[in-house]
Every structure is written in C-alpha cells, then in structure tokens.
Amino acid sequence: MAEATSRLKIDIEFAKKEIQKANAKRVLIQIPEGLKDRITSMISELKEKCKDVEFFCAIDPLYGACDLAEKEAGQIDADLVLHFGHSQIIESKKTVYVPVTYEISKKEIEKSVEKIIEYLQKNKISNITIGGTIQYMPYLQKIRQLLEKENIKVNVGKTGLLKDGQILGCNINSLLFDSKTQLLVLFSDGQFHAKFAALVSKKKVIQVDLINAKIEEIKPDEKLVKKRIAAIMQAEKAESFGILICTKEGQFNIEKAIEIKKMVESKGKKAYLFTGDLLLPEYFLGINVDCFVSTACPRIVLDEFGKWKKPILNIEEVMIALGVKKLEEYSLI
Ligand code: SF4
C-alpha cells in the first residue's frame with residue numbers, strides 16, 4: 001500500500017491554474033489521510049507558484065467526495081477550497097476537485113490485461129463490466145480497448161456526475177446496468193469497494209491490482225445480510241429511536257430524517273433527532289434510546305454497526321422495521 005501511495009500523482013499544475021482563475025488569496029486544502037505526509041511539500045510547491053497566497057490545511061479526516069469544507073472555508077475567509085483525491089459528486093460553491101491518479105506504465109497495464117484475459121478464458125467468460133475508483137480512471141478506456149481486441153464484450157457504465165466506470169463506497173451503479181454481464185472487474189485499492197460490489201450485485205467479482213498485476217476473486221460477506229436482518233428484527237421491538245443527521249454537505253439529509261421521525265411517531269413510538277459532523281458510536285453511549293437510524297453515509301451502518309452498543313439501521317431498514325416496506329424489497333443500498 002505504501003508503494004502504491006508513492007505512485008499517486010497529484011496534479012499541482014491544475015491546482016495552480018484553479019487558484020489563478022479564482023484570483024484566490026486564501027486557499028483551504030482538503031486531503032485524504034493517505035496523502036497527509038505530502039501536504040507540507042505540496043504547499044511549498046504551490047507557494048513557489050502562487051507567492052502571495054496563504055494556504056491552510058483542513059486536518060479533520062476526509063472520508064469522501066461528499067465531505068466538503070466550505071463552512072470552514074467561510075470561517076477562515078478562504079476564496080477557494082482545493083479538495084484532493086476525489087471527484088465531484090455534489091454541486092459546490094467554492095470547492096475545486098484536484099485530480100490524484102496512479103502513475104501506471106503501458107507495460108504494467110498490458111501485464112494486468114493479460115492476466116484478466118487468462119482468467120476470462122479459464123472461466124469461459126465473454127461479457128464483463130469494468131470499473132473502479134477515481135485514481136484508476138485514466139486507464140479504463142485503454143484497458144477496454146485491449147480487452148475488446150480479444151472479442152470480449154466490455155461494458156462501462158455512467159452515473160450522475162461520476163466519470164465513466166467510476167464507483168464510490170456508496171455508489172456502484174455504473175457496474176449494475178447490464179444484467180447479462182458475467183463478471184465485474186474492479187480496479188481499486190484493497191477490497192473495500194470490491195466486497196461491497198460482490199454483495200450488492202450478486203455477481204462474480206475480481207479485483208485487479210494494476211501496479212502489481214495481481215487478480216483476486218472476491219467473495220461477498222454473506223453473513224452481513226443475516227446480521228442486518230437481525231438488526232431489523234431487534235428494531236421492530238424498539239419503542240424509541242435516535243435519528244442521526246450528518247452535517248457534512250454531501251451527507252446532509254434532514255428531509256429524510258424528519259420523514260423517518262414522523263413515520264416512527266405515527267406508530268406511537270418516540271423519535272429524537274441528533275446532528276453532528278462526525279457520527280461516532282462513542283458520542284452516543286449515554287443516549288437513552290432503543291436503536292439508532294442513520295441518514296448519513298450508508299457505510300456507517302454496513303461497516304461499523306459492530307461498534308455501536310445498540311442496533312443502528314439505515315433508512316430502508318427502519319422502514320422495514322416499522323412495517324412501511326416489505327422485507328422482500330430489502331437491498332443493502
Ligand atoms: S457517503 Fe460515504 S461512501 Fe459515499 S462518498 Fe461519502 S464517505 Fe464515501
């Protein structure tokens with residue numbers, strides 16, 4: 001992973017042009033954890049090019065493209081926010097997304113494609129969907145061309161503001177549009193996205209490490225669905241619900257939270273609203289309710305429910321627990 005991070009190319013030239021375009025004098029930088037060790041050298045490099053600009057770095061954890069620091073930018077009177085490592089998913093006033101992509105050679109790409117072809121031949125697969133995280137997007141079309149030369153049907157989907165084939169931790173829609181596809185081929189770091197894709201799509205999934213030309217078959221975590229259904233059943237007996245609203249701009253969903261509150265109350269039960277930027281389980285230890293409902297990032301419920309002392313459900317799950325939706329309609333996102 002450390003080797004992979006060192007291969008990430010940060011487009012400083014793009015950042016510089018955006019600063020000049022905005023005629024910015026104060027710039028707030030948002031950067032993911034894995035790149036924080038490069039922040040001082042990045043600021044020095046930017047400072048050389050933009051001498052009269054004051055740079056600030058937002059130190060709070062940056063979890064995704066949904067996490068904008070525009071409130072903070074207002075407090076420090078910044079003219080521009082440079083958000084590194086993600087791509088735009090929501091409209092923003094001051095934020096510009098600076099591309100951070102892997103540097104991968106043509107030879108390395110060809111080596112991985114050879115491995116994919118070998119895998120497809122061995123498993124008699126001729127129709128696939130490819131996709132991945134933003135850092136791998138520059139290589140997707142090249143990979144597609146190489147695979148199509150071998151008479152493989154290669155699908156690349158598109159969702160909203162995302163790039164062709166791009167997926168997020170909460171959005172793999174670009175992989176799901178062709179029901180005939182036999183395999184999802186994902187270019188991503190670790191198994192975070194791939195496991196999620198395997199579970200949601202119910203398709204065969206392989207994760208490809210383009211830097212080391214390694215392929216891994218990904219098995220879905222079947223136990224997760226069972227655990228989620230167990231949480232729904234516990235919530236059916238709950239008399240009081242804590243409804244969580246995340247104040248991060250891309251996760252803020254107050255309308256849904258109010259709707260859920262009314263739904264709970266219409267069943268003669270109690271509901272309380274909680275707001276916060278970071279919704280960590282330890283903040284809720286003393287809260288006297290029977291269960292929680294998150295209207296924020298779906299991964300809070302899917303990945304972290306084990307850390308909560310009481311059941312925590314997402315929107316769809318609480319609707320099932322309240323009898324507003326049928327269990328047969330349940331999907332993880
Ligand atoms: S909502 Fe969650 S998974 Fe989606 S982009 Fe934000 S942090 Fe990532």
Side-chain angles (χ1 to χ4, degrees), residues 5 8-102 133-138 159-163 166-171 189 192-193 244-255 275-280 295-300:
T5 315
L8 282 169
K9 183 173 157 262
I10 301 171
D11 198 340
I12 293 288
E13 202 49 38
F14 174 87
K16 187 195 83 177
K17 283 192 185 134
E18 290 297 324
I19 293 169
Q20 288 167 345
K21 204 160 86 189
N23 195 20
K25 295 289 170 249
R26 279 189 177 191
V27 173
L28 178 62
I29 293 177
Q30 275 192 288
I31 192 156
E33 293 309 295
L35 290 176
K36 277 189 178 156
D37 59 346
R38 285 159 76 172
I39 187 66
T40 50
S41 57
M42 275 168 57
I43 292 179
S44 303
E45 204 179 330
L46 282 167
K47 194 81 189 152
E48 265 175 39
K49 297 168 197 268
C50 311
K51 293 201 173 11
D52 54 349
V53 176
E54 199 68 77
F55 291 95
F56 299 77
C57 177
I59 203 66
D60 289 331
L62 173 57
Y63 292 115
C66 59
D67 197 352
L68 303 186
E70 299 207 350
K71 265 184 278 173
E72 203 169 324
Q75 285 171 314
I76 60 165
D77 205 16
D79 318 291
L80 181 70
V81 181
L82 293 178
H83 183 122
F84 288 81
H86 302 115
S87 69
Q88 185 172 14
I89 58 167
I90 44 172
E91 298 298 336
S92 50
K93 295 178 206 103
K94 283 189 180 173
T95 302
V96 167
Y97 293 79
V98 183
V100 178
T101 53
Y102 279 114
T133 52
I134 184 72
Q135 298 80 10
Y136 294 93
M137 286 302 99
T159 326
L161 289 173
L162 300 186
K163 300 196 182 306
Q166 190 190 344
I167 56 165
L168 300 172
C170 56
N171 186 341
D189 295 333
F192 176 81
H193 297 85
L244 280 45
I245 303 162
C246 179
T247 53
K248 291 184 195 302
E249 293 188 54
Q251 294 185 34
F252 185 64
N253 203 349
I254 190 160
E255 284 81 17
T275 60
D277 179 62
L278 265 186
L279 301 170
L280 299 179
T295 59
C297 170
R299 305 296 303 231
I300 293 178

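What you are looking at is a predicted structure, and each value in this text was computed from that prediction instead of being measured.
- Considering only heavy atoms from C-beta on, Leu8 stays 4.5 Å or farther from Phe84 through its side chain.
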request  = Test side-chain contact (heavy atoms from CB on, under 4.5 Å) on Lys71 and Thr247 and set out the steps.
outcome  = CA-CA 10 Å; Lys71 265 184 278 173; Thr247 53; 3.9 Å; yes
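- Within the 4.5 Å cutoff, no side-chain heavy atoms of Glu54 are placed close to those of Ile76.
- Contact annotation: the side chain of Pro32 approaches that of His86 to within less than 4.5 Å [non-hydrogen atoms, C-beta and beyond].
- Side chains of Arg299 and Tyr63 form no contact here, defined as non-hydrogen atoms less than 4.5 Å apart.
- Judged by distance alone, the side chain of Glu70 and the main-chain N or O of Lys94 form a donor-acceptor pair under 3.5 Å.
- A 6.0 Å sphere centred on NZ of Lys49 holds more than 12 heavy atoms belonging to other residues, nucleotides or ligands.
- Listed for the Lys36 side chain is a donor-acceptor partner under 3.5 Å among the backbone atoms of Ile59.
- With rounding to the nearest 0.5 Å, the separation of CG in Asp37 from OG1 in Thr5 is 7.5 Å.
- With rounding to the nearest 0.5 Å, the separation of CG in Asn171 from CD in Gln166 is 9.0 Å.
- Here the NZ-CD distance, from Lys17 to Gln20, works out to 9.0 Å after rounding to the nearest 0.5 Å.
- Scanning both residues, Leu168 and His193, for their nearest heavy atoms gives C-CD2, 3.6 Å.
- Looking at every heavy atom in both residues, Ala24 comes nearest to Val53 through O-CG2, 3.4 Å.
- In this structure the side chain of His83 reaches within 4.5 angstrom of the side chain of Leu62, judged on heavy atoms.
- Annotation: Lys16, atom NZ; neighbour count of heavy atoms from other residues, nucleotides and ligands within 6.0 Å is above 12.
- A donor-acceptor pair under 3.5 Å is absent between the side-chain atoms of Lys248 and the main chain of Cys66, judged by distance alone.
- Between the side chain of Thr295 and the main chain of Leu244, a donor-acceptor pair closer than 3.5 Å is present.
- Of the N and O atoms on the side chains of Ser92 and Glu249, not one donor lies less than 3.5 Å from an acceptor on the other residue.
- Residues Asp60 and Glu33 share a closest heavy-atom pair of O-OE2, 4.5 Å.
- Taken to the nearest 0.5 Å, the OG1 atom of Thr95 stands 9.0 Å off from the CG atom of Leu82.
- Across Asp52, Asp79, Asp77, a single residue satisfies salt bridge (Lys or Arg N to Asp or Glu O under 4.0 Å) together with Lys25, and that is Asp52.
- With contacts defined as side-chain heavy-atom distances shorter than 4.5 Å, the pair Leu162/Ile89 qualifies.
- Here the shortest heavy-atom pairing between Pro61 and Asp67 reads O-OD2, 3.4 Å.
- Between atom CZ of residue Phe252 and atom CD1 of residue Ile90 there is a gap of 12.0 Å, rounded to the nearest 0.5 Å.
- In this structure, Ile10 and Met42 have side chains that are in contact, with non-hydrogen atoms separated by less than 4.5 Å.
- Residues Tyr102 and Asp189 have side chains in contact (heavy-atom distance under 4.5 Å, counting atoms from C-beta outward).
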message = Evaluate Leu68 against Val81 for side-chain contact (heavy atoms from CB on, under 4.5 Å), listing each step before the verdict.
response = CA-CA 9 Å; Leu68 303 186; Val81 181; over 6 Å; no
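- A pairwise comparison of heavy atoms in Gly85 and Gln135 identifies O-NE2, 3.5 Å as the closest pair.
- A distance of 9.5 Å separates CG of Leu46 from OG of Ser41, quoted to the nearest 0.5 Å.
- Shown here for Ala58 and Leu28, the closest heavy-atom pair between the two residues is N-CD1, 3.7 Å.
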